[in-house]
Chemist: 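Shown below is the structure under consideration.
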Amino acid sequence: MSRTIVIDPVTRLEGHGKITLQLDDAGVVQDAMFHVTQLRGFEKFCEGRPFYEMPNITARVCGICPVSHLIASSKACDGILAVKIPPVAANLRRVLNLAQLIQSHALSFFYLSSPDLLLGMDAAPEERNILHLAHAHPSIAADGVALRQFGQRVIEVMAGQRIHPGWTVPGGVNEALSQEKRDQILVMIPAAVAAIQRTLEWFRTAVDKFSAEIEVFANFPTLFMGMIDDRGLAEYYDGYLRVIDSEGNIIAGELEPARYAEYIGEATEPFTYMKFPYYRPLGYPGGTYRVGPLARLNLAGRCDTPLADEEWRRFRAMSPRPLLSSFHYHQARLIEMLHAAEKIERLLSDKGILDKHVRATASVNSLEGVGVAEAPRGTLIHHYKVDENGLIVWANLVIATGHNNAAMNRGILQAARHYVHGDAVKEGMLNRVEAVVRTFDPCLSCSTHAMGQMPLTIELRAPDGSLVREVRRG
Amino acid sequence: MRATHAETHLPPAPAVTPAVSAAGNCGAPVLLACGNPLRQDDGVGWRIADAARFGMPGLRTVVVQQWTPELVEEIADAKLAIFVDASVRDEAGAIRVGVLRSPKAAQGDHTRGIQAETHQLDPLALLALAEEVCGHAPARSFLVTVGADSFHYGEDISARVRQAVPRAARLVGNLIATFAPGM
């Protein structure tokens, strides 16, 4: 008799989702589905709003990565103005985007995933959290809190507030950076770099202990997509999109981000509100690709800052071809944090960063704009169409997490087939299936990421829907 | 039983380092208000913070939608921390004051029975986290709650809750005058 296992909700994610596992008569997992059960209606209710409101409106998509939406939306609005923003404004946006990357990666690595990595996949669920991590490993927890603080404080110093700042606007930013603020940030960087290096040093020695997880945590060939600069190095704000295959071959080297619709298709499945983007030339699901830290480090020539480049070389030396296991997202996140901290220091050390001309002004010069940037979780696309009065008539957001949707589903299936057998549903098994999803750090949030004491229930159901067995957490 | 290095077969994490910076409050009391001001009475903490700040211009206040781990920097060096929030348990407008004893102060297991979620902590968990990562927590901490009536969408708060705001602010002032005189 076939059965279905439902993990609902999946915990320690940004947002709400559930997992369904379909077992056959012998108790072998036949299929796995990751359902995103919340609906983001922003594309629809933005219609009719003035385009210049879009950065602040769409930043409310999420409380974790509002800056990413702010950046992509502002770039789309730059396109509607048809202006080239002042170089200093682009660099200030870059700094903000990198600070966002640091605070988000710190949240993912230290708060969400470190309890699995340091307390153990089989630890009691009520203990797998930052507080118990702090008790067992205070230095790691302290570094995690400090790094999230650092990223948030940079955002606060530059943009006025840690969450939902409004400093980035169509045409640039609305206020130049003062020397005082610049110095406030620069003085924090050495401690942040040291904290990231300490964590990387520990993680490099620990990663071998997870060889079993590396083997089955979404470890399969896919394409990878991410942004590069004109030298082929990692870029997060503005550049080309590159697609490589699982052997490391560049199959599309310099894709123009604004023409994303020509090479990215969006499939849908009936079991989830999240779309399944794919690389159009290879179709769906053959064109499944991954984005985010692992993809970016797999496809870039290097990072472009000294300490991060050293870590990148060590990271890539683990395999002669792209690293395929999504478990490596964790280490990639740490390397990107190091890169971001170094890059922030470099950008702020440029004397031009204090220039006062930070905004280009214009009215509607184009009825369409596309903004693309690298968010912590991957490539983020905002695409707007407006009428001649600048009112939004159509909007499309391709969220970073969405790009990884097909790979996440495949990853869950791979891990579930390895860990789930028959009726015996154990906590550690459940957690490992969830942990596969956490490697991608999916952000499913709409405007809130509030999470109370979230129960987790696994149900084994007979084909007629009757409950065979239930395991409840929380 | 809590996992240890040996149990998880992982190399030990690096030694403790003072990575978390304090906010430089030099022992000054701090009021931390939590809630969502767009959900009617849930925002009462924000209003109490405003009222308390009006009565004590030098009072340091932190108003947030959730109490998150990063707030340890705001409380670690404070002599007195007052947490303010709405309550779903009490009658609308009813004010309740609770003494918070951090785990070390209570000489108990640092983490036993304390709930900690992904992005939000309760005040006790925040105090425990401050002790773990900063090495210390405020000498005295209180939780002031006001019973809420409505959590619907909207910026207005209900009448009885609104009437409680000045009383709660005075209570905060009394706590500060008693436990952090001379602020």
Side-chain angles (χ1 to χ4, degrees), chain A residues 11-14 63-64 103 106-107 110-112 115 117-124 126-150 152-153 162-163 188 191-192 194-195 198-199 201-202 205-206 209-210 448-454, chain B residues 1-23 34-36 38-39 42 62-66 68-74 76 103-104 109-122 124-135:
Chain A
T11 56
R12 281 184 283 146
L13 301 180
E14 311 299 351
I64 297 296
Q103 71 89 8
L107 173 65
F110 292 97
Y111 293 12
L112 306 187
L117 304 175
L118 278 154
L119 303 179
M121 297 276 180
D122 295 302
E126 64 272 17
E127 294 192 352
R128 290 196 303 257
N129 58 50
I130 183 70
L131 182 55
H132 286 82
L133 180 74
H135 189 51
H137 303 279
S139 60
I140 291 273
D143 281 342
V145 171
L147 286 166
R148 185 130 204 265
Q149 272 179 6
F150 169 73
Q152 290 187 326
R153 201 172 294 163
R162 297 178 179 198
I163 300 172
M188 294 189 287
R198 275 193 296 273
T199 310
E201 196 173 325
W202 164 74
T205 60
K209 307 294 181 186
F210 294 98
T448 177
H449 54 280
M451 297 171 77
Q453 174 59 39
M454 298 189 76
Chain B
M1 184 175 161
R2 188 169 299 113
T4 65
H5 295 144
E7 286 160 349
T8 53
H9 307 293
L10 291 173
V16 177
T17 51
V20 177
S21 60
C34 178
N36 184 345
L38 300 178
R39 298 301 290 263
D42 196 35
V62 179
V63 290
V64 290
Q65 293 198 342
Q66 296 173 335
T68 55
E70 302 80 57
L71 293 176
V72 295
E73 69 159 336
E74 303 286 356
K104 276 186 181 168
D109 184 316
H110 294 178
T111 51
R112 187 185 300 277
I114 297 177
Q115 296 296 322
E117 299 302 330
T118 304
H119 309 310
Q120 62 182 17
L121 303 173
D122 66 20
L124 207 52
L126 198 52
L127 292 172
L129 190 62
E131 286 179 334
E132 298 290 0
V133 302
C134 301

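In this text the structure is predicted, and so the values were computed from the model without any measurement. The analysis underlying the following values was restricted to heavy atoms, covering all of them including side chains, and did not include hydrogens, waters or symmetry mates. Letters A, B, ... are given to chains in the order of the sequence lines, protein chains preceding strands, and every chain is numbered from 1.
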Chemist: Please classify the contact between A/Ala124 and chain B as side chain, backbone, both or neither, with a heavy-atom cut-off of under 4.5 Å.
Modeler: neither
Chemist: Looking at CZ of A/Arg148 and CD of B/Glu70, how far apart are the two atoms once the value is rounded to the nearest 0.5 Å?
Modeler: 4.5 Å
Chemist: Give, for atom CG of B/Leu129 and atom CG of A/Leu133, the distance between the pair rounded to the nearest 0.5 Å.
Modeler: 9.5 Å
Chemist: Using non-hydrogen atoms and a 4.5 Å limit, figure out which bit of A/Glu201 sits close to chain B: side chain, backbone, both or neither.
Modeler: neither
Chemist: Heavy-atom distance under 4.5 Å between the side chains of B/Val133 and A/Pro138, does that happen here?
Modeler: no
Chemist: To the nearest 0.5 Å, what is the distance between NE2 on A/His132 and CD on B/Glu132?
Modeler: 9.5 Å
